[in-house]
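Sequence positions, counted from 1, serve as the residue numbers for this chain. Bear in mind the structure is a predicted one, so any value in this text is a computation, not a measurement.
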Amino acid sequence: MKTALAAARAGDWPTCLSALLVAWREARDPPLAELIERVGASIPSEPIPDKDMVNALRARCKSATDADVSTIVEAVVRGVRTLPNRYGILVGLAKARAADPRIAAALAHFVEHPPFQRTDGALYGDITSALDAVDDPRFRPLLVGAWARVEKRLRWIRKHRKDAEILRGVAAAIATREPPEAVDAGALAEIDGLLAVKTPVQKKQARDARELLQAIYDDPLDTSLRLVYADVLLEAGDPRGELIALQCQRGDGPASKRERALLKGYDRKWLGAIEPIVLKSGVEFRRGFVGKAREAAKLIVQNALLAAPEWSTVEELELAVTWGDTAVKFVTDRRWKALRAVWGLSHGDVLAIGRQRDDLPWTSLTIKYWDNALAELSFPALAEVAFLRGMRDVGAVIDALAGRPLAKSLRRVRFDLSFARSLIMQDILQRARDVGIAEVDWAHAWKFEGGEGLILRFAGDRATILAQSAKVDLEVIATFIGQLRPATIRTVGFDLPPRPTLVESGWAIFEQALRAHGVEIPARPQ
């Protein structure tokens, strides 16, 4: 403990951490274990990128220092929510390294919150064996209690009988172990105090950062606030300040290599409190904050996270899980000042929202199912509405919009190609023009997060092919162009990602369809 205390006084926290671990392995003192967790979390460590995380984690484990363990543990616990088998990385780390209470805490978390929820967390033999090998006294009662619970239903356990026997042996061994030894409480308190101490400059930076962050949430459209916040973060050595500055400077231009590297390492961490209920796909950071996200509050207890201030900067939102009264309350909250595009609302939710708020600044809205009552709603800023389910009678939807409040500001309507009928394609385009809607989109596999989106947009006599992924198969587009009468379109253009990959057979069919309509073949995208 003397070495740890001296290192803490000198501000050498990596050395302090290693000394604390040595002391803990001798004494197994619970308060010391908790201090180790706090010290480990305070030491900066290179983040582990979400992309190809399994291989990145394995590589980090091979060369991990004591200071790296907290980062590895955090990444594994976070990643298990989407890839349950990832818990095995911590099991391997527990075997490869000397006993570490941070690893024990994560393994205990898996016992209480099993990676695969249908299996009792105590019936993972590899986890209980690894937890027993670390032997953190804080979790001895957890394992003993788990065996008491499992023993009562042992006769009905078949598939995990071997794991149950491992748990039985662990519980029996724990009963014979000596209690932990207490270490110098005064030294622990001093180290804890030194850990919490901040210089006057650091205190001012922290206070300024909190106040600026709240100001950004209150006014998410003000870029100047974000730039001031970036300066404060940069002074404090926080890499997020660099991200904010880079994204504000580039505007709508392409992301730099440095920006991509920052997001690769920190994006999930920078989601803040809402990270557990934001799906991995579809996330975009804009001007340093989350600007596009897909909500995923699967459990009632997670609904509290819908009130988190981090949502205030979101400009495009998909409700992937939440619906009904919870969804209506969520998206009509007054904190939404940046929100412009909303996906995934049912027709019932939209009706409820429209009757509560007639001042919403939404410009784009996706509705799952149509109801003629929707045409009576007024969204004054709404320029685009998409109907991607249940739109078998597309003509009836267009007719219902004619002269109604919902259509007053509309510039574009979008339908799902899978519901289109070859006999009505021509008719729909004419009806939309008669109603005053300038553009009609036929969307194929159109997704919020991109990946497979392919859209055929009609505006006047021009058709534009838009895609949300590099791989583009134009065969389906050619099919629908072939259903139009000749001279309906005169020009065709592309709006594709950089360096698209065109499927050869699709391109040939596409050319054939255009020739049949007398349309000049556009240059092939490069």
Any heavy-atom pair between the side chains of [Y] and [X] that's under 4.5 Å?
X    : Y    : answer
I89  : C61  : yes
C16  : L20  : yes
L167 : Y124 : no
E315 : R287 : yes
R258 : L262 : yes
P30  : P180 : yes
L154 : R161 : yes

Only distances under 3.5 Å count here; give the side-chain donor-acceptor pairs of residues 299-310 to other protein atoms, sequence neighbours excluded, each with its distance to 0.1 Å.
residue: Q302; atom: OE1; partner: K298; partner atom: N; Å: 2.9
residue: Q302; atom: OE1; partner: L299; partner atom: N; Å: 3.3
residue: E310; atom: OE2; partner: A273; partner atom: N; Å: 3.2

Do [Y] and [X] meet the salt-bridge criterion of a basic N to acidic O distance under 4.0 Å?
X    : Y    : result
R9   : E190 : yes
D135 : R140 : yes
R102 : D100 : yes
R286 : E284 : yes
D66  : R97  : yes
R138 : E37  : yes
E165 : K162 : no
R149 : D120 : yes
K269 : E74  : no

[X] side chain to [Y] main-chain N or O, any donor-acceptor pair under 3.5 Å?
X    : Y    : answer
R60  : E46  : yes
D349 : G324 : yes
T128 : G125 : yes
R240 : L233 : no

Inset, instruction - Decide side chain to side chain contact (heavy atoms under 4.5 Å, CB included) for L195 and S42; before the verdict, give the C-alpha distance in whole Å, the side-chain angles of both, and the deciding distance to 0.1 Å. - result: CA-CA 8 Å; L195 187 65; S42 73; 3.3 Å; yes

Inset, instruction - Give the ring-plane orientation class for W270 versus Y266, where under 30° counts as parallel, over 60° as perpendicular and anything between as tilted. - result: parallel

Checking [Y] against [X]: is there a side-chain donor and acceptor pair closer than 3.5 Å?
X    : Y    : result
S129 : D132 : no
D68  : T65  : yes
S281 : R294 : yes
Y87  : D126 : yes

Legend entry - Under the side-chain hydrogen bond (donor to acceptor under 3.5 Å, both in side chains) test, residues paired with R38 that sit two or more places apart: D192

Legend entry - The single option from R250, K264, Q249 passing side-chain contact (heavy atoms from CB on, under 4.5 Å) against E259: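 One option only clears the test, and that one is R250.
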
Inset, instruction - Apply ring-ring contact (aromatic ring centres under 6.0 Å, His included) to Y217 and W311, showing your working. - result: CA-CA 8 Å; Y217 290 149; W311 292 110; over 10 Å; no

Inset, instruction - Go through the steps to decide whether R226 and T313 satisfy the test side chain to side chain contact (heavy atoms under 4.5 Å, CB included), and finish with yes or no. - result: CA-CA 11 Å; R226 302 193 186 202; T313 63; 3.9 Å; yes

Inset, instruction - Begin with the C-alpha distance, continue with both residues' side-chain angles, and end with the deciding distance and a verdict on ring-ring contact (aromatic ring centres under 6.0 Å, His included) for W336 and F330. - result: CA-CA 9 Å; W336 294 102; F330 180 40; 5.2 Å; yes

